[in-house]
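Inspection log for the structure reproduced underneath, given as structure tokens.
The shown structure was predicted, so the numbers you read here are calculated from the model rather than taken from an experiment.
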Amino acid sequence: MAAWLDLVSDSTGWTLVDTGRMDELVQGMTHPNTQFPSVVYFAGNGSRIKALRALFPLNNVTRRGPAGLARLHLSTKTANTQHPVLFAESSLSSVSGLGESSLRRWSSDNLRRYRILQDGSRQASEIQEQVISQMLLPWTNILCLFVDTHSELRDACRLLKRRRQPVTIGSQPTADLMRVMIVLTSAQYSELENISKVYHKLNSAGIPSKGVAVLDLRDRYELSPPAAFEPLRRLIINETQDIRTEQTSHGLSFSAIHLNALWTRTLRLDTGASEPTILDCLQVARESHRLNYITTECLVEFINHANKYSYAEDVIHIFVASALLMNAYPPGMHAFHPDLVFDALYRRQCSQAFCTQVEDGEKHCDAVFAHFKRLFYSMGPTNSSATIRRDVLRCNHLQWSGLNSTTTCFYCLCRSPEHMMACRHAICDTCVVVFGTPNKSAEYHFDFTKCPLCQKPSLLTIRQLPPTKRPLVLSLDGGGVRGIIQLGLLRALERRLGHGIYMFDIFDLTAGTSVGALNEIDLILNGSTAEESFRRFPALAQKVFKLVSPPSQKLSVVGWAKWVKCLAGILADGQYDANNLDNTLKEAVDPERRMFDVSTTRSAGSRVAIITSRISDGKACVLANYRGIGQRAVDSAYQFLRPEEESQNPFLWEAARCSVAAPWFFQTKTLPGFGPLQDGGVRANNPLAISLKESATIWPAHGTHDLVLSVGTGVSSSEVKAEDAPLGGILQDGAVPRIIRATMSSPSMDGEQGFYEALNYVPDPMRAHIFRLNHALPWPLPRLDDVDKLVDLAGLSYSVPDELVRAILATGFLFFELDQIPIRKQGNFYCEGSILCSSPNASGLIKKVLAEFPSPRFQTADGYHLGLIGNDDECHGCGYYRKKVAFTVNSLEEVISIEIANSSFQHKIGGFPKYLLASKKGMLLRSGNQTADPIFGTFPREEETSIVEFGAWAFTVIAYAQLLSLWGR
């Protein structure tokens, strides 16, 4: 029998070893998502082996090979049924087999070890009993104890008296459904009297006879094994059926993957502690979805809107209840009893929200619960929680037109919105998957023809970052008229990438300061090509830097014009007309479009951060078209300006106006709720550091980036180095000029220095994925307002390195996903998956890859060939690209990367490197487009992937296509 658990001791104490046997057996089931196993545990003397051979004749039950603490098998006869039987076996007191799991034929890398807390010097038998009571018995349905002697009975009583691992659903303990059978088998060696005296000994030991059955088979020892253990077989079958009925009534009938996940989670508790840690199944199911909880604030905001528009009470109640139902029971979630779920997750929030807004709040809370419970019992295979939610929204859609918010997604009532619909209803990324339709020609793009809330037409495509892919980030420096250099570099990049690949298709997050903010607005939000933006820039700069009144010709002749302009700027708080700047920006962007608004480009989903700063202390501030799901530190180096209401959602031209309000050049701009703001260049002229932090806040589950591009606005190659400059007088090297030079050359003001400053805090392995584009000028850098230099700057020849172009083609659009769970073969794991393309123009991208990488192939980092790259892997009907690949790894903890390579180049694609078995992240399985919770449910595009081992997640990773069918499409 294959070893399952083992105990190993060394000089530091005891370690519990999990060999992965449970994972292996669950993997061998035909449909573990919908199979609900029973666990039967045989413990005690050697008669248990005879019983196992008689009860499970189709299994190869033997004690050959490594023993360990406990062994586990899947009943061959029931393996493909809806109710398979898992049976475990171990001794109660013998420690002779402990430590033998190290002899397993598989690599020790596959073993998982858990330290056992040491409480004094304890014997191996005591540790063994504690592990059994805390790790195995909480999930055992039937415990068969084989005893024939008084000492064996004492061992059994001692085990039964031990406190088991407390298991709860919320705050409510789960029902104790375990049945105990004391089996007497050997008449020859039995020291025990009749059954009544065995019961008496159990009661004397403080073990209630309820739930304990004593089965005397001593008079059958001369029969054949099947006949001898026939009463035990019938008793197990009958008890198992009764337990299944009770499990269903208590909501405790767990599928194989759920049971495996819970048991795996149990292993991570403090084994050996004097007071066992409580295992809350509901908390475990949602531990990776902390940001998916309904909050009182979200409910209060909805109730305020509902009261404002005088919604009927019953309409309010069912609106809230259906949102809670969708939150509580996503596809794949275990059907916990609705009373327990509501009390644990929602009752307090509902009560507080209603009590603060209306009279008799508890009555409203009870009404919401009544609808929640009714809707729960209406769910079924064709009527998911999302289907119910959609029906509720559709039936009352005429009432929802006024429900607009920039802080709460009213589709789900639990997350911040990330996108704005044309009807001005804001929606989060999760609800995009739930309510959107997968685009027919592009991966991870979702189409909307109407708003699910109000049913008004809303033609919109929203793209999302693939779950296994990391973001691409673009950072744009400030620099006044030198912004044309930035556009020249980006134009050169677009030309190298080829027609049909533009900035708004490439980058997931763009951050810009001052002129960089203007450029990102035009490139990302307006959907302009770099060519178009480059061509328009000189005229825009000429309008922006139009003097209020031209300087005196006489003063210009004597060279004092710039000093007069500077003095005038100081006195008037701006050299240039603020009204003229406002009007110019309104012409450049839609004057009615707000910062957090519907996209006008081909698809929404690109995040844009505009960097500005406070005038009180110069602290950098961020105005954004997103909210982000991660937490931002209160004492962060910058402030994220989050609108609390629609009036604080600035117009896009106002956000741009704040970012370009450079001191001495333009007056500050005051935004409602945020106060006066100025140019972000006084603190973060290079916003690279901010963009890296924001990327981690928007996509915390992705950890880091796939590629970062920082683009400057020129650097002078003709300036004298500071250490070579001779000392001058007080006007040149006095305190004031020294402070000015130091300030202008500091990382806050100097984009180039800011880049290297940010790079200091980036781990070395990540630096290879960060690129800097800048252009060296043969003359000193022009002033921010020197429009006369625009002709010269526009005429320069701009170029980009081949390395960057190839990195974007490889990493920017191509990524890997598993198609099925890794299969163990001969000690290794066989993995099948697909390399996919997220570009809407997959055909054009592959052609460009073939041009940049002659004779390209896909390969693993160690050189294993995965196949050639070609257009034959593209679907000519829909445009999707899908390259099927397969490879083998020694361990699921092995770090994997896939590359585009030829004889000269190697570039990693997106989606890797990462662990197949992630101790920090769960891997994703592909059969469409989906992120899944590896324990209990599928949360589309969720912020965090569950922290579980392979057996806990491998069978539950469901891709988007399957998700959408589960949601009721």
Rounded to the nearest 0.5 Å, the CD1 atom of I316 sits from the CD1 atom of I303 at a distance of 7.5 Å
Flag the pair S613 / K619 as yes when at least one side-chain heavy-atom distance between them is below 4.5 Å, and no otherwise.
-> no
Donor-acceptor pair, T697 side chain versus K693 backbone, under 3.5 Å?
-> yes
Pairwise side-chain contact, I462 with F448, heavy-atom cut-off 4.5 Å (strictly under) = yes
Side-chain donor/acceptor of S351 to backbone N/O of R348, under 3.5 Å | no
Chi angles and distances behind the side-chain contact (heavy atoms from CB on, under 4.5 Å) call for Y444, K469 | CA-CA 11 Å; Y444 293 98; K469 195 176 180 305; over 6 Å; no
Would you please name every residue forming a side-chain hydrogen bond (donor to acceptor under 3.5 Å, both in side chains) with H705, sequence neighbours left out?
-> none
Considering non-hydrogen atoms only, spot the tightest contact between S405 and P417 and give its length.
-> O-CG, 4.1 Å
Where does the angle between the aromatic ring planes of H305 and F410 fall among parallel (under 30°), tilted (30 to 60°) and perpendicular (over 60°)?
-> perpendicular
Heavy-atom donor-acceptor pair, S322 side chain to I318 backbone, under 3.5 Å = yes
Quick one: does S458's side chain have a donor or acceptor within less than 3.5 Å of a partner on T449's backbone?
-> no
Per the side-chain hydrogen bond (donor to acceptor under 3.5 Å, both in side chains) rule, which among T295, T408, T296 passes with E301?
-> T408
Identify the heavy atoms of L623 and M595 that sit nearest to each other, and give their distance.
-> O-CE, 3.9 Å
Would you say F446 and V433 make side-chain contact, with heavy atoms under 4.5 Å?
-> yes
What's the spacing between Y411 OH and L393 CG if we round to 0.5 Å?
-> 8.5 Å
Atom pair CZ (R657) and CD1 (I610), whose distance is rounded to the nearest 0.5 Å | 13.5 Å
Backbone N or O of L692 within a donor-acceptor pair of the S695 side chain at under 3.5 Å?
-> no
Verify whether one side chain among S255 and N33 offers a donor that lies under 3.5 Å from an acceptor in the other.
-> no
May I ask you to say whether D597 pairs ionically with R593, meaning some side-chain N is under 4.0 Å from a carboxylate O?
-> no
Rounded to the nearest 0.5 angstrom, the CG-CZ distance for L345 and F372 is 8.0 Å
Ring-face cation contact, F319 with R389, 6.0 Å cut, 45° max = yes
Say whether, by atom type as modelled, one donor and one acceptor occur between the side chain of H258 and the main chain of G332 under 3.5 angstrom.
-> yes
Any sub-3.5 Å donor-acceptor pair from Q455's side-chain atoms to R394's backbone N or O?
-> no
Min side-chain heavy-atom separation I698-I629 under 4.5 Å | no
Name the orientation class of the two ring planes belonging to F336 and H334 (parallel below 30°, tilted from 30 to 60°, perpendicular beyond 60°).
-> perpendicular
Applying ring pair (Phe, Tyr, Trp, His ring centres under 6.0 Å) between F369 and each of F376, F354, F342, Y346, report the one that passes.
-> F342
Donor-acceptor contact below 3.5 Å, side chain T612 vs main chain Q678 = yes
For V320 and L413, which heavy atoms make the closest approach, and how far apart are they?
-> CA-CD1, 4.2 Å
Parallel, tilted or perpendicular, as decided by the 30° and 60° cut-offs, for the rings of Y311 and F302 | tilted
Could R627 and F596 be counted as a cation-pi pair, given that NZ or CZ must be under 6.0 Å from the ring centre and within 45° of the axis?
-> yes
Should H419 and N625 be marked as a side chain to side chain donor-acceptor pair (under 3.5 Å) after you check the CA-CA gap, both sets of side-chain angles, and the distance that decides it?
-> CA-CA 8 Å; H419 315 281; N625 70 338; over 6 Å; no
Side-chain heavy atoms of S606 within contact of R463, under 4.5 Å = yes
Can you list the steps and then say if H250 with H337 is a ring pair (Phe, Tyr, Trp, His ring centres under 6.0 Å)?
-> CA-CA 7 Å; H250 288 86; H337 199 281; 8.7 Å; no
Assess the side chains of S528 and N526: does a donor N or O sit below 3.5 Å from an acceptor N or O?
-> no
Do E418 side-chain atoms and G628 backbone N/O form a donor-acceptor pair below 3.5 Å?
-> yes
Between CG of L652 and CG of L585, what distance do you get to the nearest 0.5 Å?
-> 9.5 Å
Residue pair M420 / A426: nearest heavy atoms and the distance that separates them | SD-N, 4.0 Å
Identify the two heavy atoms, one from L279 and one from L262, that lie closest to each other, and give their separation to 0.1 Å.
-> CD2-O, 4.2 Å
Report yes or no: does S659 contribute a side-chain atom to a donor-acceptor pair with the main-chain N or O of A656 at less than 3.5 Å?
-> no
Residue pair Y329, V341: steps toward the side-chain contact (heavy atoms from CB on, under 4.5 Å) verdict | CA-CA 10 Å; Y329 300 103; V341 171; 3.4 Å; yes
In Å, rounded to the nearest 0.5 Å, how long is the span from OG1 of T670 to CD of E654?
-> 10.0 Å
Any side-chain heavy atom of H364 within less than 4.5 Å of one from C355?
-> no
Minimal non-hydrogen separation, N649 against R594, with atom names | O-NH1, 2.6 Å
